[in-house]
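Every chain is numbered from 1, with letters handed out A, B, ... down the list of sequences.
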4 protein chains.
Amino acid sequence: MTADPETRLRADARRNRDQILAAARVIFAAQGAEVPMEEIARSAGVGVGTLYRRFPDRDALIRAVAVDNFDRVLRDAKAAKDEESSDWDALIRLLHQSMELQLSIQLAMVSPRALAILTSDPAIKALRDELLEVMDSFVQGAQAEGRLRPDVATGDVAILFAIVLRQMPGKSAEVARMATRRCIGIMIDGLRAADSNEPLPGQALTGADLDP
Amino acid sequence: MTADPETRLRADARRNRDQILAAARVIFAAQGAEVPMEEIARSAGVGVGTLYRRFPDRDALIRAVAVDNFDRVLRDAKAAKDEESSDWDALIRLLHQSMELQLSIQLAMVSPRALAILTSDPAIKALRDELLEVMDSFVQGAQAEGRLRPDVATGDVAILFAIVLRQMPGKSAEVARMATRRCIGIMIDGLRAADSNEPLPGQALTGADLDP
Amino acid sequence: MTADPETRLRADARRNRDQILAAARVIFAAQGAEVPMEEIARSAGVGVGTLYRRFPDRDALIRAVAVDNFDRVLRDAKAAKDEESSDWDALIRLLHQSMELQLSIQLAMVSPRALAILTSDPAIKALRDELLEVMDSFVQGAQAEGRLRPDVATGDVAILFAIVLRQMPGKSAEVARMATRRCIGIMIDGLRAADSNEPLPGQALTGADLDP
Amino acid sequence: MTADPETRLRADARRNRDQILAAARVIFAAQGAEVPMEEIARSAGVGVGTLYRRFPDRDALIRAVAVDNFDRVLRDAKAAKDEESSDWDALIRLLHQSMELQLSIQLAMVSPRALAILTSDPAIKALRDELLEVMDSFVQGAQAEGRLRPDVATGDVAILFAIVLRQMPGKSAEVARMATRRCIGIMIDGLRAADSNEPLPGQALTGADLDP
DNA sequence: TATGAATGAGAGTTCATTCAT
DNA sequence: CATGAATGAACTCTCATTCAT
């Protein structure tokens, strides 16, 4: 009955792994996934050798960061489901809360390289699919509640998430945060069910439309 | 009697310059600004040396592509101003039409490096400022027409543009185009003046808020 | 308890550093300071990467070689001071002995580039100034002894050193060595105090005259 | 009876050739023989193409500059022979006068590359040999006159010339000129016949010793 | 096991030389 | 014939990854 490999790490090794992951998360979010490995190691307070012992190459590190990140968002989503009284409110809360998402997005959308890595990893695909399922329940529920416009599907909402949450480099953290909040507000108004809306072009995008 | 240096190039040099610019535009848009110079040269059908003769280094090439691009968008914006019967319509048209913008956005927002280059170039700043002025007239006009919600300013709209138009790597061109159009539709609905809107948080963002 | 960074290198790194310095010394002396870095690395038995890890760029390597070299000459000069019974003899010995000087000279006088690097480095300037001081004491002493002609100063002597010791490329080592020894002999005769000498033109050159 | 190819050049071509040669002489003397061809062309006021039409490659240009230069020195030497009343005086005059030599020296001694080119060109070898013959007559005559020390031969004197006349980069033209004159003075004193001289080591170096 | 040194492939850039205008 | 554009090999430097200490 051996446990998950990560579980068996010695305490210090464990600590190293966590520090590396935390450092990589911060650096990836701020500068993208192409930073020198040495910089990540330094910022984690370990040598490159240690980094490579834990993550055999850059891809593995990117994957680990992504898994960690999707995990957090998924936990957020489930909490929203449990704690909010309507699906519309859960959706809105997730949207407002998930700054975590920014990193997934940054990773997934900024470099074709990172994207290729992520979409080819089954563990990540599983997490993403699970997240899409939760969102799907939000979307359908909110439409049933009459609060989400009926001509969108989960894919539309996910893309809007992704788009709005992408990092805005070069703005001060202050401005970026406020701008993001305002954009989310506008987006939510655009998603709200309303008679005046002209129908959107094309077909509603489902979760499946987001694949490769 | 213009003496623009570009004008004085020999016919073949001119052709090469244009091909390089076109190739760089396509490649930057698809893969970001960090692609090997050799790849750009090859795709333009010239040797690296030629590329470097026209653009002394990568920064110069990025700048040239950006200038070219802002130029096009600015022309679009002016055409919209002249040909549409209301400012709201002009704004909508610019938004729908300016796929060109995608490249500016890609360049400006994807890599911190490209951003630094662009914001430090006065010619580009001038073009950007001019574009913001045109958009400002659209925004104020559309608000006067009662069709654009009053709690946004030009900065908000520009950021939404930027955000929505960023390339979505990894999706097929087909899906990406449709998704973008749908997102724009939702965004426009969110921008439309409506009684039901809750007020947005913070202050309306002006063009000036977009600076460094 | 010195903490000189060089002292803290791991044994193998230390060895490599020394080999690189030795190889560079030989190659710079033979071919000037513009040789491909790869050639230096190969001749030191390491990869380019190693060379660049120790010396961040060519300039740093040139500087390190120059410091090393001035150090040796300075040691020679001090030994001459301590061990010879007169200043004239010390001067003559230094002149005969300091084949080391050839490299400094080669570096300092052959390429404008190397010259610029060296004159802008304070550590090197300090060593050079210290060497000039020792030579100055030789010169003044030997003049007091009545054995060095009175119408020269340290700058004259230093320039003669520099000039005579410059490498003669293309001659066999054998011929070059002999030719240098003969030139030094002639030069010494020219420096010897003698009634028959016509006065030299201009003012005696001091060490200060050698600055930029 | 076609003339020397150079003679048949059209007037403008002739002018270009001369300008290139003059520019190259100046630049080689100041910066060595490794300067970009484009810089030479620019400074001559022609395009690179023109430079290459006249001189098929860099080696040819170096050779042409060297031939031109040896020519001048040889003319100087012959004038000295004709106009001075003793061989010693002719030798001294040549030494003082031949700043021209600086360029030959610069070319011949600074870069192994230039040296290789020069020693392999028969036209240059011929000129050099002719120059050595004239100097040889000076040396033997001056020794017969009892004014030049008997333990040197033409090779020694030529090497001293070469050594002393090499450019001193980094000094102001003012200082460099004065320093050179003073060094020549010391050297001449060292060459003067005198009882006090200790014999030089080794054998007197003849012109033949200067080969490869 | 952790560290940081060594390696070498590859990217950016320069420049000698050729060739179209 | 003059010009300056185009080419590509060579060089400098960086960084992912491996390996000795």
Can you give me the N/O atom pairs linking the protein to nucleotides 9-11 of chain F at distances under 3.5 Å, or say none if there are none?
none

Mind checking what makes side chain to side chain contact (heavy atoms under 4.5 Å, CB included) contact with Ala60(A), not counting sequence neighbours? Phe55(A), Pro56(A), Asp57(A), Arg63(A)
To the nearest angstrom, how far is Leu51(D) atom CG from dG4(F) atom C1'? 13 Å
Per nearest nucleotide of DNA chain F, the residue lying toward the 5' end, Gly47(B) or Arg15(C), is Gly47(B)
Let me check the geometry of the helix from dA2(E)-dT21(F) to dT21(E)-dA2(F). What is the bend angle between the axes at its two ends, five pairs each, to 10°? 0°
Sequence neighbours excluded and cut-off under 3.5 Å, please list the side-chain donor-acceptor pairs for residues 35-42 of chain B, or say none.
{"from": "Glu39(B)", "atom 1": "OE2", "to": "Gln31(B)", "atom 2": "NE2", "distance (Å)": "3.3"}

Side chain to side chain contact (heavy atoms under 4.5 Å, CB included) filter on Ser43(A), not counting sequence neighbours, yields Ala23(A), Ile27(A)
When rounded to the nearest 0.5 angstrom, what distance separates CD1 in Ile20(D) from OG1 in Thr50(D)? 6.5 Å
Is the shortest distance from a Lys or Arg side-chain nitrogen in Lys125(C) or Asp121(C) to a carboxylate oxygen in the other one below 4.0 Å? no
Under the salt bridge (charged side-chain N to carboxylate O under 4.0 Å, His left out) test, residues paired with Arg58(A) that sit two or more places apart: none
Considering only dT13(E), dT7(F), dA5(E), which nucleotide approaches the side chain of Ala13(C) most closely? dA5(E)
Classify the nucleic acid contact of Asp12(A) as base, sugar-phosphate or nothing, counting any heavy atom under 4.0 Å across all strands shown. nothing
Hey, is the side chain of Thr50(B) poking within less than 4.0 Å of OP1 or OP2 on dA5(F), counting only N and O atoms? no
